[in-house]
Structure formats: C-alpha cells, structure tokens
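Just below is one structure, and these are the notes that go with it.
Numbering of residues begins at 1 and proceeds along the displayed sequence.
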Amino acid sequence: MTYDLIIQNARIASNNPKSGLDSPTDIGVLKGLISAIGDLSRSSAHATFDADGQLVCPGFTESHIHLDKACILDRCCIQEGTLAEAVEQTSDAKENFTFDDVYERASRVVQMAIKQGTMHLRTFVETDPKADLISFDAIKRVRTDHAHLIDIQICAFAQEGLTDQPQTQNLIKEALSLGADLIGGCPYKDTDPDAHIELIFEIAREFDVDIDFHLDFDLDASGSSIPKVVEQTQRYGYAGRVSIGHVTKLCAIDDQTRSDMIQQLSQAGVALIVLPATDLFLGGRDAAASGEHQFIPRGMVNAADLLEAGGVAALSSNNIQNAFTPYGDASLLRMANLYANVAQLASDHEIQQAFDMISEHPAKILGLNAQIAVGAPADLLVLQASNPVDALRSIAQPLAGFKSGRMSFSRPAAQIYQ
C-alpha cells in the first residue's frame, strides 16, 4: 500500500501518563485519516517525516478566544486593569474596527496558534450595533483562508447585553443564518441575567446551535448564574452542547456550595472553560482597591473536582494582547503550564489532566474526535518531549504539525554549538 504520508519513529502516548509506547512506531496517513499504526518500514508513501522518537499527539484545540479584538493594545490605555475598564475600552475601540483591520489582526493570531500546535479553534465575535457584522464578515474570511491549516468555529457573541437590545438580537440571528456556528452570551453584562440566559437558549434552539456563556466573572460569592444555566440545559435537553467560561465565582463560594455546583454541571453536561491569563490579570482588583483585602485576591478555577466527577473542562487563551489580557502568544501548552503552577498541580495524574484540558476535553466541547487511532483525522502534532506530562512540565517546543495529513508548520529543534 502507498500512503499519502508516513510519520516515522513517532512516540505515541499510552494510558500511562508518564510513558509513551514501549518504542517509537510509524503512523500511516491516507486521504486525511490515520490509516495504519505500526511498523510501516516496508510501505511506500508520497511523503515521510521522521519524528525521531519525539511525542506525536493530536493537535491542540483552542476552545475560547476572541480574534476580533486581539492585538489592540495600541488603542488601549490600561490604568486600573479591571474588567469594567477592559469592557469600556474595547467597546470604544470596536466602533472603529474595519474589515481589513479585523482580518489582519485575527490572521496574525491564527498563525500564532498554528505555529503553537493548535488545529481547532472556537472564536467569539462581538455582534451588536457597534460592531454590526463587520468583525463577523472578517472572521469568516479568516476561517476560509486558513481552512487548510486550522478548523475555526465562529460564535456570534452578545458581549454588551441582549434582553433590552433588539438590534443585537436581530444581528445575532443574521450572523447565525450567514454561517456562525453557535451563539454566545454574557449574562453579567445584561440588565436581566436570567432573561438573557433564557433568550440565548431560545435563539440557540431556533437555529439548533450550541451555546457558550461568559459567566460569573467576579469574586462575589452571591448571585451565580450556574443554577439558571443548568436548569435551561436540562429543560431543553442541551447536555454536551453548553459551555461556560471564566466562572471565577467558584473560587469565592464555600466548599459545600461549590461541590453542589460542580455536581450540577457534571450531571447537566455543561462544560467549564478556565481562562488563566485573563482571570489572573483582571480578577480581584476591585476587592483590593476597596480595602476589603490588603492584597489582590486571585480567581482562577481549579477544575480537578469537575474532572473527577466525570465532567468536561478545558483551558484556553481568551484574549491576546488587549485590555483584557495584555500579553499572549496563543500557546496552549504555556497556558496549561501556567494553570498547573497556579493550581499547584504536581503529580503525573494532575499534569496529565491539565494536558487533557488542551487536547481531549476541548475537542469534546467542539464536537471533535481527538485521538491517535485508525480512522481518526490525521491532525497530528510533534512535540519535543517523550510524553504529555513531560511536554507540559517543560512547555515543550512544537516541532511540526500535520492538518489532515498535510504539513501545516515546521520548526526544527534548536541546536547547541560547541
């Protein structure tokens, strides 16, 4: 048999998080799918790549990012570093967004992500009277132009309220009819958070699309929207189709309430997306400024208890170089390493779970199959590591990527000269 591609000497992770297979093996790719795994030394191929014993894993999945407002630090003046300031400055900036402007910045970040091993991405696009459909149209073009390198889902997002914004409702529906993949809500920015959630579910059911909420983004133990999201998810049979991002309230509530909410999320099939960079940068500043604390309390959820309860949790970048997060390189391995540091993870099991939060779990959220198995998509990443645990601990260098069996990037390992 002649394959389109054979990746030789690939070390594939086993169920033991500290080890790969006993020895490197070969991966044969045909028509964009993994066709064989094993010794293919007697087989021919149109192209070969020698992984040289390095780890080969499924490409990463970025489950929560904002391409439309990335790389706008030159238009922001961060003084307070608060969520309110970031929302206000971004709201002002987006009134001057143009198609070419959004396309250029979003493409820049997409290409960053590709070079960091990301092969699937879900981006929010603010869809309201200020942005109209300008950003949406630009991101659609980005999706088309990069389709051979990365899969992009577009979430039509109501950042600035919905219940009292009929124009926003109409624009969201128009975006969904024109190719947006799902709908996103932000209850804490609406005058009526519960009604906002209900309306998001109503529109989602009308268009039969998934839902992704920005939720509970503060350190006030009261007023969580989790019960309402769970109620709506269960009422309409939306298990596995709803995600919630941030949810830093979980850091402030008492242990019993937190445990109850984690069980609710797991049983309802609502996924949790942790956004370490943004949550750490913005969180807790209000409490410190008010004198409630002498230090800045940080809010970043450790999702381990949700994972242990059988739930789905992911890690993602959220924002890149704007007022919400004034840094970033779209590296999910770096984000997972940051998360592991802040959550004080140490054991191989915990580190493996964190790795799964940028691979297996976000893929589930996006409805994808992320595994190395015969018949699976050949969306493959080569990392300079022997196994996922070592890759995360060291923030391993991505060496090469293959999207549907076609090389998407390469970055030779650094050499030291004596």
Pairing residues for [X] by the ring-ring contact (aromatic ring centres under 6.0 Å, His included) criterion, not counting sequence neighbours:
X	result
Tyr238	Phe201
Tyr339	none
His246	His64, His214, Phe217

Query raised in the report: So Gln371 and Asn369, side-chain hydrogen bond (donor to acceptor under 3.5 Å, both in side chains) or not? Walk me through it.
Result: CA-CA 6 Å; Gln371 59 178 321; Asn369 176 17; 2.9 Å; yes
Do you know which two heavy atoms are closest between [X] and [Y], and how far apart they sit?
X	Y	value
Asp379	Ser404	OD1-N, 2.8 Å
Ala391	Leu333	O-CD2, 3.9 Å
Ser266	Gly310	OG-C, 3.9 Å
Pro388	Leu55	N-CD2, 3.6 Å
Ala70	Val109	CB-CG2, 3.6 Å

Query raised in the report: In chain order, what residues pass the side-chain hydrogen bond (donor to acceptor under 3.5 Å, both in side chains) check against Arg241, with sequence neighbours excluded?
Result: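 Arg241 satisfies side-chain hydrogen bond (donor to acceptor under 3.5 Å, both in side chains) with Asp208, Asp210 once adjacent residues are dropped.
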Report task. Fit a plane to each ring of Phe213 and His196, take the angle between them on a 0 to 90° scale, and name the class: parallel (under 30°), tilted (30 to 60°) or perpendicular (over 60°). Result ->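 Aromatic pair Phe213/His196 classed tilted.
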Below 4.5 Å, heavy atoms only, C-beta onward: do [X] and [Y] meet side chain to side chain?
X	Y	answer
Gln159	Glu126	yes
Asn302	Val274	no
Leu366	Gln153	yes

**Report entry** Residue pairs involving residues 254-272 (criterion salt bridge (Lys or Arg N to Asp or Glu O under 4.0 Å); sequence neighbours excluded)
**Finding:**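 Passing the test, one end in residues 254-272: Arg258-Asp305.
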Query raised in the report: So which pairs with a foot in residues 357-367 pass salt bridge (Lys or Arg N to Asp or Glu O under 4.0 Å), sequence neighbours left out?
Result: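 Passing the test, one end in residues 357-367: Glu360-Lys364.
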Query raised in the report: Going from CD on Glu62 to NE2 on His120, what distance comes out if it is rounded to the nearest 0.5 angstrom?
Result: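 Atom-to-atom, Glu62:CD and His120:NE2 are 12.5 Å apart.
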Query raised in the report: What is the distance from atom CG of Leu149 to atom CE of Met407, rounded to the nearest 0.5 Å?
Result: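 Result: 12.0 Å between the selected atoms.
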Query raised in the report: Counting only heavy atoms not in Glu95, do more than 12 sit closer than 6.0 Å to its CD atom?
Result: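 Result for CD/Glu95: enclosed.
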Requested in this report: Report yes if the distance between the aromatic ring centroids of Phe157 and His66 is under 6.0 Å, otherwise no.
Outcome: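 Yes, the ring of Phe157 comes within the 6.0 Å limit of the ring of His66, centre to centre.
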